[in-house]
Amino acid sequence: MIQNFALRGFLLLFLFAVLIPKWTGAQQPAPNLIPVPASVKSGTGSLRVDSSFSVALTGYTEPRLERGVERFLQQLWRQTALPVNLKPAKSAQATLVIHTDHANKEIQEVGEDESYVLELTTTGAKLTAPTLLGTLHGLQTFLQLVDVSPDGFAAPAVTIQDRPRFPWRGLMIDSARHFTPLEVIRRNLDGMEAVKMNVFHWHLTDNQGFRVESKKFPKLHELGSDGLYYTQEEIRDLIAYARDRGIRVMPEFEMPGHSTAFFVGYPELASAPGPYQIDRRWGVLDPAMDPTNERTYKFLDEFIGEMAGLFPDKFFHVGGDEVNGKQWDANKRIQEYMRAHGLKDNQALQAYFSKRLQPIVQKHGKSMIGWDEILDPSLPKDIAIQSWRGPESLAAAAKQGYRGLLSNGYYLDLGWSAARHYAADPLSGDAANLSPEEKQRILGGESTMWSEYVSAENIDSRIWPRNVAIAERLWSPAEVRDLAFMYARLDFISARLDWLGLTHRTYYRRMLRRIAGSTATAEEFAALVTLADQMEPVKDYTREETATVEATSLSPMNRVVDAVPLESDPGRHFGELVDKFISASCQDGNAEARLRAQLATWRDNDAKLQPLAQRSFLVKDVAVRSRDLSALGVMGLAALDAIAKRQPAPDAWKTQQLATLEQLKKGKLQLLLIPASAVQKLVDAAAAGGTCAGAK
Ligand code: ACM
């Protein structure tokens, strides 16, 4: 983060004046497009979008393309509320003429041509693409161009040539730990389409649930799911829904670990005797399939055969992560088998399992893919790995001839900022030094939405808008990196995702309303919002580590920690305002006034919220953090007063404030108070004296 505002301003100017034209070929700032296209050339004027707007399909067409145009027009209607004509027009009259060369593969494959060219002038628009996939992407770009203008809705004149940097741009949703209702998945697929993601990785089984109907082995879903599973018909419908949007659906069935849900119905697959229950707890648990038992492979052959028929995608994910080996260690027969077969440790045993599994997957027409742990040099090069442990394993796999995906850095559940996800790049670190041929094996990446702490109610907010930063990293040229530009466009797209029915913004007040209860006054509710706005859940896996009551799949998710977004926009904005104030040598009167107003609001907020804490246990739950926010307000105001004196504040004062800040910065009740570090900058500035020299 560049703290010096003047420097940041200069860099931004530099970006717009020098760098963007390099990939846009024009002197105007790039329009609000996310992901940034490969090439944008701005023209002159704009195309009006009014109720005469119409679309014509020329060249190749098929019902899927017609449905794509219909979706486009419906979305255009949502954006403008203009009575748009849903009927296709003749090309001579149409505002937007689409020309698609040919179909894409019946079953969408990795690396198909997804490029498109979109040309807008003041009189009309033309979208051309080799395949339907490019056409669908181009339509999304068009929608992002349409905005209000002083005399109606319009899209700027522009020529865009676009194609993805990586062929695999995925989102994984874990529907095992918490079941994901189908309508939630559908709206997330809509969101993926809007930002040109093209793989939905569906994590369907884990210790906590088996979510697919199996006709061959019905006890899998009957006993392993609490009744929360997808029927095969529902799955086929969902795959068709995704296919319409240019999105592949790759299923994941976890084995040999993370597999308790298999064992509830079929305990004979496990490495220790049953009976088994669905696990309610999180983490790495002991149950694992028995890799030394032929029955296991016979079962998997039939099971994978059934699932390979249900899921058309070429890739079949077998999990493979986090086997702790305890059941293997404790089983005499397994130990005996390992000795007899020269399997020296559990890693060798897992490699043996992978080697037995791979031909089964291949026999059913699929390429096996798994998490890092499946990688073993004895496996054929047809497999692929998904790196969750670090970029090193991805580069190492590529060097050995394996294809791979990056997920390390894209774990949405860890609560990182969009900026931090944005910095992760499949071709950085060790991968940067690979040969061009090796780099080709890195297919892209996937964000992962592990669902320990997500419900149907808050899941969208855990995915969006941060997932858009990852979508851009995987689509746009590598040099598109400016954070201020990214965040500005994140705000833009976030508002538009509302129109698709995503609830990543609307859920918030709904959840806070429940927390506040029906007796909350308007002022009390506003105080709750003020507090919640400045908090985020603790990061990484700290939520587990600091839980006073262990969370399970049966725990309610109705607390403030479940309601606040994983990245607080108001918290970020306060930090930016502090940076602006300090980098102007603490002389910016306007910024100071805004800071004072905000800090005074916090100072007074606890008194407004306290009465509600007496009436709602969910508000009472965060009473400590409410006092902390007020303390932060008091401290920030004192720092501004000290700064105004233009003399270094006494050391003792600074020491005292920093000690308090250490406490305020800590996670409490699994919540972080985001502005604490910005207030610390004010304290540092106060200690540094009048001009804020030396403050960072
Ligand atoms: C994983 O996060 N264990 C894939």
Side-chain angles (χ1 to χ4, degrees), residues 168 170-178 180 199-211 250-262 279 281-289 315-327 346-347 350-351 353-354 357 368-376 383-397 402-416 420-421 424 426 442-454 459 462-463 466-467 470 537 539-545 551 553 566:
W168 190 311
L171 165 67
M172 189 215 79
I173 294 182
D174 168 8
S175 296
R177 288 181 176 81
H178 280 108
T180 327
V199 185
F200 171 50
H201 170 173
W202 206 353
H203 186 84
L204 285 161
T205 67
D206 215 301
N207 298 320
Q208 297 78 7
F210 194 100
R211 304 300 181 193
M250 175 179 72
E252 178 183 354
F253 299 95
E254 273 270 18
M255 53 189 86
H258 282 287
S259 50
T260 311
F262 277 91
D279 284 312
R281 295 163 50 227
W282 313 134
V284 178
L285 307 176
D286 300 346
M289 287 183 189
F315 282 86
F316 195 91
H317 203 301
V318 295
D321 58 317
E322 297 187 315
V323 184
N324 71 14
K326 286 189 187 169
Q327 281 198 345
N346 287 338
Q347 197 178 336
Q350 180 160 359
F353 176 76
S354 299
L357 189 58
M368 182 166 103
I369 178 169
W371 300 103
D372 309 45
E373 287 97 323
I374 70 159
L375 186 62
D376 186 272
I383 70 150
I385 69 136
Q386 181 164 11
S387 166
W388 72 280
R389 294 190 295 193
E392 302 77 23
S393 61
L394 187 60
Y402 295 103
R403 292 168 298 173
L405 303 174
L406 184 66
S407 275
N408 179 273
Y410 301 142
Y411 267 43
L412 294 167
D413 54 309
L414 297 186
W416 296 5
R420 194 166 168 197
H421 289 307
I442 296 182
L443 302 175
E446 281 186 3
S447 51
T448 55
M449 182 72 270
W450 299 103
S451 67
E452 281 90 343
Y453 301 106
V454 304
I459 184 169
R462 273 57 191 141
I463 298 175
R466 294 174 309 136
N467 185 49
I470 299 166
K539 307 293 159 190
D540 301 314
Y541 297 108
T542 322
R543 190 158 169 185
E544 257 104 46
E545 290 154 16
S553 58
L566 300 190

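As a basis for the values below, the full set of heavy atoms in this structure was taken, side chains included, without hydrogen atoms, waters or symmetry mates. Only a predicted model underlies this, so the values are computations on that prediction, with no experimental measurement involved. We count ligands from 1, going down the list as the structure has it; atoms in each ligand are counted the same way.
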Query raised in the report: Crowded around Q347 CD? As in, over 12 foreign heavy atoms under 6.0 Å?
Result: no
Query raised in the report: Is the distance between the ring centroids of F315 and W168 under 6.0 Å?
Result: yes
Query - Least distance between heavy atoms, D372 atom then S393 atom - result: OD2-OG, 2.6 Å
**Report entry** Heteroatom distance test (W371, ligand 1): nitrogen or oxygen, under 3.5 angstrom
**Finding:** no
Query - Heavy-atom closest contact (W416 atom, R466 atom, distance) - result: O-NH1, 2.7 Å
Query raised in the report: Just distances here: any N/O of E322 and N/O of ligand 1 closer than 3.5 Å?
Result: yes
Report summary line: Within 4.0 Å of some non-hydrogen atom of D321, the atoms of ligand 1 are 1 (C), 3 (N), 4 (C)
**Report entry** Proximal atoms of ligand 1 relative to Y411 (non-hydrogen, under 4.0 Å)
**Finding:** 1 (C), 2 (O), 4 (C)
